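The model shown is predicted, which means the values in this text are computed figures rather than measured ones.
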Amino acid sequence: MTGAGAARRPEAPGHRMPQEGRTEIYRAEAPYSFNVGTNYGVVNSSPRVQVVSQPPQEVTAHPDLVLLPEGRNQHFVGREAELALLQAALCGEGGPALAVVHGGIGAGKSALALEYARRHRDAHHPVVHLVADSPENVTTGLAALADRLHPSLRHGGASPEARADWAGAWLQCHSGWLLILDEVPGPAAVGRLLGSLGDRGAVLLTTRLATGWGRHATGVALDVLPEAAAVRLLHRRTGLDPDAPGLRELAARLGHLPLALEQAGAYLEETGAGLPDYLALLRESPGEALGTAAYGTASARTLARVWHHSVAAVHGSNPHAVHLLRVLAWLAPHGIPRGLLDRLRAETSRSPASYAVRPARRLLWRTGWIRPRRAGTGRPIPAPEAARALAVLRAYSLVRVEGDTLAVHPLVQTVARTADPADPHRRPRAVRAAWAEAQELLLDAALDGRLTTRNPPHGQDVVPHLEAFLAATPPSGEDLGTAALCLTTAARLNTSGRPASDPHAVRYAERALRALRKRLLAGVAHPAYRGARVHLARALWRSGAFDEALVLLEGPSLRVGRGVAMLGGRRLLLAQCYLSLERFQEALPLLEAEYDFLRGLPGGTHPRTLIVRGLLAAAHMGAGDLDRGLALFEENDWIAGARGGTTPETLDTQQALAHAYVRVGETARAIHLYERTLRRATEELGQRHPATLRTRAALAVAHAAAGHAPTATGLFEETIAQAPGAYDPDSTFLMFCREWLATLALRGGDTKRATGLHEANVAASERAFGPRHRDVQLVRHNFAVDLLDAGHPRQAVPLLEEALEGLAVAVGPAHRSAVRTRYQLGRALRLAEQADRAVALQEEALGQAQATLPVDDPLALAIRLECGYTYRDEGDLERAAHVLERVAQDSGAYFGDRSEHRLEALEALEELRRTRNTPGQRRS
């Protein structure tokens, strides 16, 4: 090696180059040169100084030589499996000891490497840590090693490069050492060094790059921490109780990412802020939360800065990859269908406004409102280019491939979609362009029907991505395209398998209405606005808010142009609302008109015909025309059977017919039909298919109606046992099964078991909907009614009082659900011999029913009938007789002579006559 001065060898005959195993003596004679040892060469020195150094093989390391950053990480948690993998790779015998720890941004790669080094320092000598993110830092680190091994090199004025070379030679000559190369950008950055080291020691690399390290390297992939470890890290960092409210929520919001957890913990410790304050900051200003370092912490270690360095490396490999990452940031973190990216377009320099125009114009064009025009956007990215961009993101652990879907850590998404003028990869225009491209891809998928909720290819569902996009879009960025996505999301949620009380569909429809009202020049008269009201009405109807849905469907804006108003399923939806409210007479003409319309279509086999015929049959049976309703159900079953095959639709048709047999008292026929349907479903769909489970539950209901309580109980228990995997534990279907089991237990006198099942249902409904939700109160209401029917009115009263109080808050005191609960509470009080309280409640319920319900509403008739019973039990027989006579008359007029309310009223009147003829006798 040559320095600034020249070195001369002793003159000797037959001069030869130095050879391995042969000692060659160099003497430094020129200015600024000195020996570094035998067979090594000459490097710089100070004038008039001659230094003869030791060769690397003659220098031994001090037994306690450890070059690690000062201070141990006291907050390190978890990673025991990864530490065991490193120990097996670096402490085992045979073969090169090279381990590569790779993972995404902030996964804790450096912390794992340092923890391994501190735990196993006795197995390696010496232990050396180098920051290897650049050639300069590698040289500096190796020179520092040389300074510890041979201080005279630095004192003699050797350059860092010369000292680094000497350290490399020392590593080649000795064994047992551990070299940690931290933050390596890629194989090319350290390939020469690794090639020169041989297999004398162990090398541990940390890198974001998962590929390219060769087959001899042991790869250790790091993902996020498990929930328990993430909470423990926050506990250690902040000193807060592990069970402190909000600690688990914060860990979940940070995606269990170690760097983000450490950053949040440092912020909380330094500022003294509470968990609610930091959660609010993370929700309202994520860029500030993820880009702020605590005092004394390196600013480069914030999540935002680490993201910047990773993306800069990605941009150098493939510029399309950065744009793709920004687009993915607007979707859900998991389950991103790769097919969603088939139409990805490149980033363009056009104004962001051009992006906002394209999806909205295409939406309007597809609905026939305007003519299409050419939109200025980036060119489509060919599939091979998109695949290469995705490969780069995957290599840098920014994207994971999970089968046919992709996944991105939610905090990486948050940083990527948060504009920062100081970051060249997150400038506002680039972020806005990615937002518009994500909107375009979702509109393509939703409007073209390529990815749907009801039949998604390979189980891929676009709804979570629609919801994620809408959640991340600020109100200021909403346009017609966003309104279209809101309507699409509401429509798909209305037909999905989510609980009916899920409020999100309502919120999306309301959001679409606000956006349309703001953006459409025609305002509420525009067809899009009227269509949005229908979507909102459907969401309200599905959530059980039937009265609110009726207000929208019968509102004046939907009456403009009767032909247009009835499009989009409005007529059928209006009929379904009437059916849900048991207003059968109003539903019948709508369903008859829809049925005639469908039968008049070419072929007469529209898929909706089965549905409409079934609804029409239910309306006839509800209106008292049991024969006509049963005939329509039988026709439906015959047509569905003629089509062949066993599908959930044909099974539902058969169940509807069997239920009709139960309604008319033919339980034996119902049970026979259910058993036949269950056999077919089990053979063709399997024991655990949702349709099979529903059929078994329906068979149990039929046995219960026939008085076969033990058989019904066994069927319900079997259904619940088979349900895991098909239904969520808190699903409404399992609540229905537990409710029936509680009813059967009450009938059998097992009040304790019934109460336990009821409490399980209340807990499940509170988890599913929240403690104040209407459906939680209805669970209490239903169990109280079962208690009443089982002869336990005193136990039913407190449940009904709690349900009534909750419903008054959730839906208002005049809502149908609240009126029904008030009526049942009055009934319970009457049966509990508290007639004075019962009279006041029933009269209040009757007043609200008369103000809000039609005269032929079954609930209004039931309240009037109960008022008659209450007056009778209070001793006001004249008033009771008057009320009962009117109920019998009106029930017969509205629902026929065989209607349930009419028969009950006539029976009560007959009893009143007997009571009058028998002095001193009263019904208790």
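Ring geometry for His708 against His703 counts as tilted: the plane angle lies between 30° and 60°, on a 0 to 90° scale.
Comment: Glu843 engages Arg879 in a salt bridge, judged by a side-chain N to carboxylate O separation of less than 4.0 angstrom. Ionic pairing of Asp789 and Arg747 is not present here: no N-O contact between side-chain nitrogen and carboxylate oxygen is shorter than 4.0 angstrom. Ion pairing between a basic and an acidic side chain is recognised when a charged N comes within 4.0 Å of a carboxylate O; Asp857 and Arg816 show such pairing. Glu634 and Arg669 are joined by a salt bridge, as a carboxylate oxygen and a charged side-chain nitrogen come within less than 4.0 angstrom of each other. A salt bridge between Glu866 and Arg820 is absent, with no side-chain N of the basic residue lying under 4.0 Å from a carboxylate O of the acidic one. Salt bridge Glu510/Arg507: absent, no basic N to carboxylate O contact under 4.0 Å. Remark: Arg538 does not engage Glu548 in a salt bridge, criterion side-chain N to carboxylate O under 4.0 Å.
Checking Gln824 against Arg827 by side-chain atom types alone, a donor-acceptor pair falls below 3.5 Å. For the residue pair Thr821 / His781, a side-chain donor-acceptor distance below 3.5 Å is found, with atom types taken as modelled. Between the side chains of Glu666 and His672, not a single donor N or O lies within less than 3.5 Å of an accepting N or O. Looking only at atom types and distance, the side chain of Asp786 has a donor-acceptor partner in the side chain of Thr743 under 3.5 Å away. No side-chain donor from either of Gln842 and Arg830 sits under 3.5 Å from a side-chain acceptor of the other.
Atom-to-atom distance recorded for Leu787:CG and Leu800:CG is 8.5 Å, nearest 0.5 angstrom. Tyr823 OH to Gln848 CD: the interatomic distance, rounded to the nearest 0.5 Å, is 15.0 Å. A distance of 9.5 Å separates CG in Leu757 from CG in Leu746, rounded to the nearest 0.5 Å. For the atom pair CG (Leu804) and CG (Leu825), the distance works out to 6.5 Å, reported to the nearest 0.5 Å. Remark: Leu540 CG to Arg533 CZ distance equals 10.5 Å, nearest 0.5 Å. In this structure, CZ on Arg696 lies 5.0 Å from OG1 on Thr719, to the nearest 0.5 angstrom.
Cation-pi check for Arg583 over Tyr578 is not met; the charged atom does not lie both under 6.0 angstrom from the ring centroid and within 45 degrees of its normal.
Residues Tyr595 and Thr609 have side chains in contact (heavy-atom distance under 4.5 Å, counting atoms from C-beta outward). Two residues are said to be in side-chain contact when any heavy atoms from C-beta on lie closer than 4.5 Å; Phe733 and Pro690 fail this criterion.
Remark: Phe597 CZ is loosely packed, at most 12 non-hydrogen atoms of other residues, nucleotides or ligands lying under 6.0 Å away. Counting non-hydrogen atoms of neighbouring residues, nucleotides and ligands closer than 6.0 angstrom, the CZ atom of Arg772 reaches no more than 12 such neighbours. By the neighbour-count criterion of 12 heavy atoms within 6.0 Å, atom CD of Glu675 is densely surrounded, having more than that number from other residues, nucleotides or ligands.
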